[in-house]
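These notes concern the structure reproduced below.
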2 protein chains.
Amino acid sequence: MTKKVLVLPGDGIGPEIVGQATRVLDALIENHGLDVTYESALVGGSSYDAHETPLTDEVLAQAKDADAILLGAVGGPKWEQYDISVRPEKALLKLRSELELFGNLRPAILYKQLADASSLKPELVSDLDVLIVRELTGGIYFGQPRGIRTLENGERQGYNTYVYSESEVERIAHVAFKAAMLRDKRVCSVDKANVLEATELWREVMDRVSKEYPEVELTHMYVDNAAMQLVRAPKQFDVMVTGNMFGDILSDCAAMLTGSIGMLPSASLDANGKGMYEPIHGSAPDIAGQNKANPLATILSVSMLLRHSFGEAELADKIDQAVSTVLDQGLRTADIHTDGDKLVSTTEMGDAVLAALA
Amino acid sequence: MTKKVLVLPGDGIGPEIVGQATRVLDALIENHGLDVTYESALVGGSSYDAHETPLTDEVLAQAKDADAILLGAVGGPKWEQYDISVRPEKALLKLRSELELFGNLRPAILYKQLADASSLKPELVSDLDVLIVRELTGGIYFGQPRGIRTLENGERQGYNTYVYSESEVERIAHVAFKAAMLRDKRVCSVDKANVLEATELWREVMDRVSKEYPEVELTHMYVDNAAMQLVRAPKQFDVMVTGNMFGDILSDCAAMLTGSIGMLPSASLDANGKGMYEPIHGSAPDIAGQNKANPLATILSVSMLLRHSFGEAELADKIDQAVSTVLDQGLRTADIHTDGDKLVSTTEMGDAVLAALA
Ligand SMILES: [Mg+2]
Ligand SMILES: [Mg+2]
């Protein structure tokens with residue numbers, strides 16, 4: 001059956017980078033038998049400008065109806081003057097919660113052609129391919145009770161609650177093990193089970209769910225050690241799975257190991273594998289409309305979409321390979337450009353990826 | 001007035017490395033006018049073997065009576081069979097809580113002579129000198145309520161409480177600002193104030209206390225960004241201050257950036273600047289008694305002790321300089337040895353530091 005993708009270009013460089021990603025989709029539909037249709041809609045600041053809300057009910061309904069969502073980026077100084085309830089970022093939070101997108105996939109991949117961009121020694125990160133699976137809708141960022149209260153002695157106290165129920169851990173465990181089945185079949189679960197009871201239960205549930213995936217090797221690591229190991233020898237990992245807060249810290253740390261944020265896609269999945277896919281970089285309003293932005297993270301988001309929501313591993317591999325080919329050709333947008341490379345525009349990079357796909 | 005140091009060598013390599021550190025103390029007392037006396041006592045497994053407890057009341061009283069404590073390391077497989085209540089590590093927890101050592105100083109320093117040991121490119125970490133100040137006795141690791149409960153729907157839920165009161169934040173803020181006054185006078189406070197109320201109050205108190213230190217520049221950074229910045233450009237920081245859990249993660253991450261855990265000292269301070277000083281590495285039972293261990297982290301712990309508890313910045317600089325001199329001489333214990341260096345034993349390294357001090 002024909003799958004439906006909702007395309008949400010968003011703000012800033014969003015329309016430019018998504019424009020190149022949909023060219024890739026078009027090519028796969030026309031020449032490689034991909035059975036997909038897509039339609040585009042406004043989100044974020046551009047939606048606010050047209051409808052005074054960053055996410056209309058119509059677009060939310062379209063998102064619910066779609067089989068997957070491809071997002072560019074939202075936000076910019078233009079909308080920072082408005083009330084926080086109608087800021088562009090609110091659209092993403094609403095999409096995540098309404099669609100129950102609790103499974104955040106954050107790859108830290110480094111094409112060997114870009115290994116010099118890392119702050120780590122090239123041999124430690126060249127061809128890095130770690131997938132961090134972060135629980136996105138629970139844990140301490142959402143836990144109740146929370147707030148700032150006044151104690152009997154008159155001083156104030158801030159408090160938050162780190163909380164996970166078994167079912168919350170189970171569903172993110174399945175996301176991690178399923179992702180591992182598409183890769184090297186190794187999951188490292190990160191917790192602080194020696195100190196925090198909330199993560200003691202996390203570890204127990206991970207062990208239990210792992211029995212349903214006998215081919216996957218499960219190990220456990222404390223979060224402080226995980227931060228050390230990511231810095232020391234990141235290539236030791238295949239899939240890492242952890243809660244919302246630890247995942248926030250470790251996925252950003254791992255992304256920075258690659259040295260090129262403009263290359264990294266991400267996914268947020270629901271329990272059925274439906275997902276929203278987007279680059280991890282922002283809307284870069286300073287270079288918007290200048291045909292300078294790097295479209296590769298968005299193009300790689302299409303690859304993730306095909307792999308994780310549509311089961312099209314071969315077409316996903318094709319995209320990944322095309323990106324590698326254009327890097328081999330020495331083509332670089334400004335964000336990843338160094339002496340000796342050929343500086344190209346957003347559309348020139350898109351042209352090159354399409355040529356490499358053909 | 002003569003200051004008193006309690007020396008607790010502990011287990012494994014503890015007695016060997018502390019033996020070299022006390023030789024340094026002796027030299028400073030005899031030749032450089034340091035007005036200090038010290039006595040030694042058992043702690044950890046060695047205390048258990050003699051008294052069936054890892055920390056006797058007598059030693060605890062000695063610790064309370066001392067002006068500073070120099071610790072080696074505790075633990076080893078020999079004592080893992082015993083009940084958790086009498087394990088060697090319990091001695092450290094009890095010393096910290098009884099002496100209210102809430103202010104953990106974790107330097108991430110990398111002598112330029114060892115820059116190649118880092119996983120980062122040498123120019124990014126050579127001469128690194130970051131001090132991470134971690135709150136050690138509060139936050140989520142100690143917060144109540146905590147546990148695993150059964151919900152009405154029958155599933156279990158794990159929960160912990162991230163909690164800080166104003167007075168707890170105030171006292172760690174003073175530790176950080178005082179430490180910064182001895183350095184480059186810059187403090188970066190790390191929180192997640194955009195999401196966690198407990199750290200919103202943290203940020204507010206940091207701002208308030210900073211007014212008492214007008215010479216010190218205070219900045220704020222979210223914890224996920226801090227993890228990125230440590231990996232990207234660690235030399236941008238002078239002092240970082242953060243809560244117990246974030247400090248656990250970031251201090252270990254920063255330590256690993258140096259590539260040589262065997263070189264790093266630490267301190268745990270009370271509100272009056274009294275402290276316990278120890279290397280961050282463990283008791284290394286596999287090489288205990290073989291005269292192989294690296295004594296430099298313990299010798300640098302003496303430097304920290306003089307600087308932070310006794311106000312002897314000049315003598316502390318002298319020790320730091322002596323360590324740099326022996327590294328210049330190409331002397332390396334096994335843990336930091338590479339081709340072309342001269343491999344030395346624990347005592348030979350101690351000899352060289354003493355010669356450099358003279
Ligand atoms: Mg983040
Ligand atoms: Mg730790």
Side-chain angles (χ1 to χ4, degrees), chain A residues 118-122 124-125 140-143 145-148 151 153 155-169 192 195-202 204-205 222-234 245-246 248-257 259 261, chain B residues 118-122 124-125 140-143 145-148 151 153 155-169 192 195-202 204-205 222-234 245-246 248-257 259 261:
Chain A
S118 173
S119 54
L120 266 65
K121 291 174 177 158
L124 295 178
V125 284
I140 194 170
Y141 289 177
F142 293 90
R146 64 193 299 154
I148 296 173
L151 301 174
N153 67 7
E155 70 167 325
R156 287 178 305 152
Q157 184 189 56
Y159 59 102
N160 287 89
T161 305
Y162 190 141
V163 60
Y164 272 116
S165 66
E166 286 177 288
S167 59
E168 286 177 302
V169 183
K192 189 74 183 179
V195 181
L196 300 177
E197 287 87 348
T199 66
E200 197 184 318
L201 183 64
W202 173 283
E204 179 193 318
V205 174
Y222 296 137
V223 62
D224 47 338
N225 189 27
M228 293 175 100
Q229 295 305 321
L230 272 176
V231 165
R232 191 186 70 82
M245 178 177 56
F246 293 158
D248 185 14
I249 299 169
L250 295 181
S251 66
D252 282 341
C253 178
M256 188 52 88
L257 292 177
I261 299 287
Chain B
S118 173
S119 54
L120 266 64
K121 289 173 179 161
L124 296 177
V125 284
I140 194 170
Y141 289 176
F142 293 90
R146 64 194 299 153
I148 297 173
L151 302 174
N153 67 7
E155 70 167 326
R156 287 178 303 153
Q157 185 188 56
Y159 60 102
N160 287 89
T161 304
Y162 190 140
V163 60
Y164 273 115
S165 66
E166 286 178 287
S167 57
E168 286 177 302
V169 183
K192 189 73 183 178
V195 181
L196 299 178
E197 287 87 348
T199 67
E200 198 185 317
L201 184 63
W202 173 283
E204 181 193 316
V205 174
Y222 297 137
V223 62
D224 46 338
N225 189 27
M228 293 176 98
Q229 296 304 323
L230 272 176
V231 165
R232 192 186 69 81
M245 179 176 55
F246 294 159
D248 184 15
I249 299 169
L250 296 181
S251 66
D252 282 340
C253 179
M256 188 53 87
L257 292 177
I261 299 286

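Within the 4.5 angstrom heavy-atom criterion, only side-chain atoms of A:L124, from C-beta onward, approach chain B. Neither the backbone nor the side chain of A:L230 comes within contact range of chain B, judged by heavy atoms closer than 4.5 Å. Within the 4.5 angstrom heavy-atom criterion, no atom of B:Y222 approaches chain A.
Nearest approach of A:S118 to B:K121, heavy atoms of both residues: O-NZ, 2.7 Å. Looking at every heavy atom in both residues, A:D252 comes nearest to B:M228 through O-CG, 3.3 Å.
Distance check: A:K192 NZ to B:D248 CG gives 4.0 Å after rounding to the nearest 0.5 Å. If you take CD1 on A:I148 and CD on B:E204, they are separated by 6.5 Å, rounding to the nearest 0.5 Å. Of the inter-residue distances, the one linking A:R146 atom CZ with B:E197 atom CD reads 4.0 Å to the nearest 0.5 angstrom.
Your options are A:I249, A:N160, A:L120, A:V163, and the one with the most heavy-atom pairs under 4.5 Å with chain B is A:N160. Per-residue heavy-atom pair counts under 4.5 Å with chain B were compared for A:V205, A:N153, A:L196, and the maximum is reached by A:L196. Counting heavy-atom pairs closer than 4.5 Å to chain B, the top-ranked of the candidates A:F142, A:W202, A:Y162 is A:Y162. Ranked by heavy-atom pairs under 4.5 Å with chain A, the list B:V125, B:V223, B:I140 is led by B:I140. Most heavy-atom pairs under 4.5 Å with chain B, from the set A:S167, A:S119, A:A227, A:G259: that is A:S119. For the options A:L257, A:T161, A:V231, A:L250, heavy-atom pairs under 4.5 Å to chain B are most numerous at A:V231. In terms of heavy-atom pairs under 4.5 angstrom with chain A, the leader among B:A255, B:S251, B:G143, B:G147 is B:G147.
With A:E166 contributing its side chain and B:R156 its backbone, the two residues share a donor-acceptor pair below 3.5 Å.
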